[in-house]
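Below you'll find the structure, written out as structure tokens, and then a few comments.
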Amino acid sequence: MKYWLVKTEPDECSIDTIADTGSEGIAWDGVRNYQARNFLREMAKGDQVFIYHSSCAKVGIVGLAEVTEEAFVDPLQFEPESAYFDPKSMPENPRWSAVRLQFVRKFKQPLALKELKTLPAMAENPLVQKGSRLSVVPFQASEYQAVLALVD
DNA sequence: GCCAACGTTGGC
DNA sequence: GCCAACGTTGGC
């Protein structure tokens, strides 16, 4: 099993939005960065995924989700009306992938970015590196456990 | 709202 | 292939 973190703006899709989708889960689409896309493609069913709120008042990890469907073609890239439309992506060779995530739980207290930066176990994680804009972040098992140890 | 850091585009 | 210009991300 592997571990990940995905960023989301709570105004667009918060942990509560994900929770509301229940057992159906939510398509994690709209990723338009190659490095992040490649990580999406590495995800396997059952992988654990931290949900992170960015660009908001309380930046940090707010809960946990799980991969329920491995990478599939992101349909939004072919929809001209979508903000995620990509005219250069060809149906015979789609550029962008999505996965399906299902809500696992919301932490009673979010783990703030500020706190994450103080954890020795997280020192090497891309999330806390200066200037990192990666929206899908791989986690080592040790990093995953260090975070879980601080939430309930 | 500001701005640093980063990724992408496109002219040459 | 270089690199300037531009657009975006995301913390603060």
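Because the structure is predicted, anything quoted here is derived from the model rather than measured. Every chain is numbered from 1, with letters handed out A, B, ... down the list of sequences.
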Between CG on residue A/Leu119 and CD on residue A/Glu143, distance to nearest 0.5 Å:
10.0 Å

When rounded to the nearest 0.5 angstrom, what distance separates CG in A/Asp29 from OG in A/Ser97?
11.0 Å

Residues which pass salt bridge (charged side-chain N to carboxylate O under 4.0 Å, His left out) with [X], listed by chain and number, not counting sequence neighbours:
X        : answer
A/Arg100 : A/Glu69
A/Asp47  : A/Lys2
A/Asp16  : A/Lys106

A/Trp96/A/Phe85 aromatic ring centres below 6.0 Å:
no

I want to know whether A/Phe50 and A/Tyr3 have ring centres closer than 6.0 Å.
no

Listed in order of residue number, which residues of residues 115-129 of chain A have a non-hydrogen atom at under 4.0 Å from DNA chain C?
A/Lys117

Enumerate the residues from residues 80-88 of chain A whose closest heavy atom to DNA chain C is under 4.0 Å, giving them by residue number; use none for an empty result.
none

Any side-chain heavy atom of [X] sitting closer than 4.5 Å to one from [Y]?
X        : Y       : result
A/Arg32  : A/Leu76 : yes
A/Leu101 : A/Glu66 : no
A/Leu116 : A/Ile61 : yes

Is the shortest side-chain N/O distance from A/Lys7 to OP1 or OP2 of C/dT9 below 4.0 Å?
no

Counting only side-chain N and O atoms of A/Tyr52, is one of them less than 4.0 Å from OP1 or OP2 of C/dG11?
yes

Collect all protein-nucleotide pairs involving nucleotides 4-7 of chain C in which both atoms are nitrogen or oxygen and the distance is under 3.5 Å.
none

To the nearest angstrom, how far is A/Leu134 atom CG from C/dT8 atom C1'?
14 Å

Remember a base hit wins even if backbone is also touched, and classify A/Ser55 as base, sugar-phosphate or nothing at under 4.0 Å, heavy atoms.
base

